[in-house]
Amino acid sequence: MAAQHSQGIQTLLEAEKEAAKIVQQARQYRVQRLKDARSEATKEIDEYRKSKDTEFKAFESSHAGTTSSAQTTVDKDTEQKLKHLDACWENNADLIVQKLLDRVVLVEPQLHRNLTKLGAQEL
């Protein structure tokens with residue numbers, strides 16, 4: 001009976017070792033699958049990035065002329081407006097200077113509105 005009992009324990013120990021091997025293999029398989037999935041995902045990301053980069057460069061090159069022509073248009077418009085302002089200044093310089101001098105020289109002294117309110121309450 002002891003031999004049978006010992007043999008049953010031995011069988012259980014062997015089954016336990018076999019189960020541990022199976023679990024270890026499953027873990028290794030899972031780790032390997034995770035590594036494979038990561039490397040595959042990295043490859044897909046790189047391919048997607050490359051395709052989007054080429055798409056962006058194509059878009060950029062097709063619209064590059066538009067940007068320079070828009071800049072030229074803006075520069076011309078700005079130059080015209082500056083010329084117009086210079087012409088207005090030349091035509092009205094005397095009048096503008098006279099108005100500025102009138103504002104500076106012809107000052108009518110007045111009490112500040114807060115001081116006026118304070119003075120009216122006290123008086």
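All values reported here derive from a predicted model rather than from experimental measurement. Basis for what follows: all heavy atoms, side chains included, without hydrogens, waters or symmetry-related copies.
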First locate atom [atom1] of [X], then atom [atom2] of [Y], and finally report the distance between them rounded to the nearest 0.5 Å.
X: Leu101; Y: Ile96; atom1: CG; atom2: CD1; result: 12.0 Å
X: Leu82; Y: Glu79; atom1: CG; atom2: CD; result: 6.0 Å
X: Ile45; Y: Arg38; atom1: CD1; atom2: CZ; result: 12.0 Å
X: Arg27; Y: Arg30; atom1: CZ; atom2: CZ; result: 7.5 Å
X: Lys17; Y: Gln24; atom1: NZ; atom2: CD; result: 15.5 Å
X: Glu18; Y: Thr11; atom1: CD; atom2: OG1; result: 13.0 Å

Is the closest side-chain heavy-atom distance between [X] and [Y] below 4.5 Å?
X: Gln28; Y: Gln32; result: no
X: Asp77; Y: Thr73; result: no
X: Cys88; Y: His84; result: yes

Path from Val97 to Leu100 over hydrophobic side-chain contacts below 4.5 Å: yes
Common cluster, Leu85/Leu95, ILVMFWY with side-chain heavy-atom separation under 4.5 Å: no
Lys/Arg N to Asp/Glu carboxylate O, Lys52 vs Glu55, below 4.0 Å: yes
Salt-bridge criterion met for Arg49 and Asp46 (N-O under 4.0 Å): yes
Glu16 atom CD, over 12 foreign heavy atoms within 6.0 Å: no
Side-chain donor-acceptor pair present, Asp94, Gln98, cut-off under 3.5 Å: no
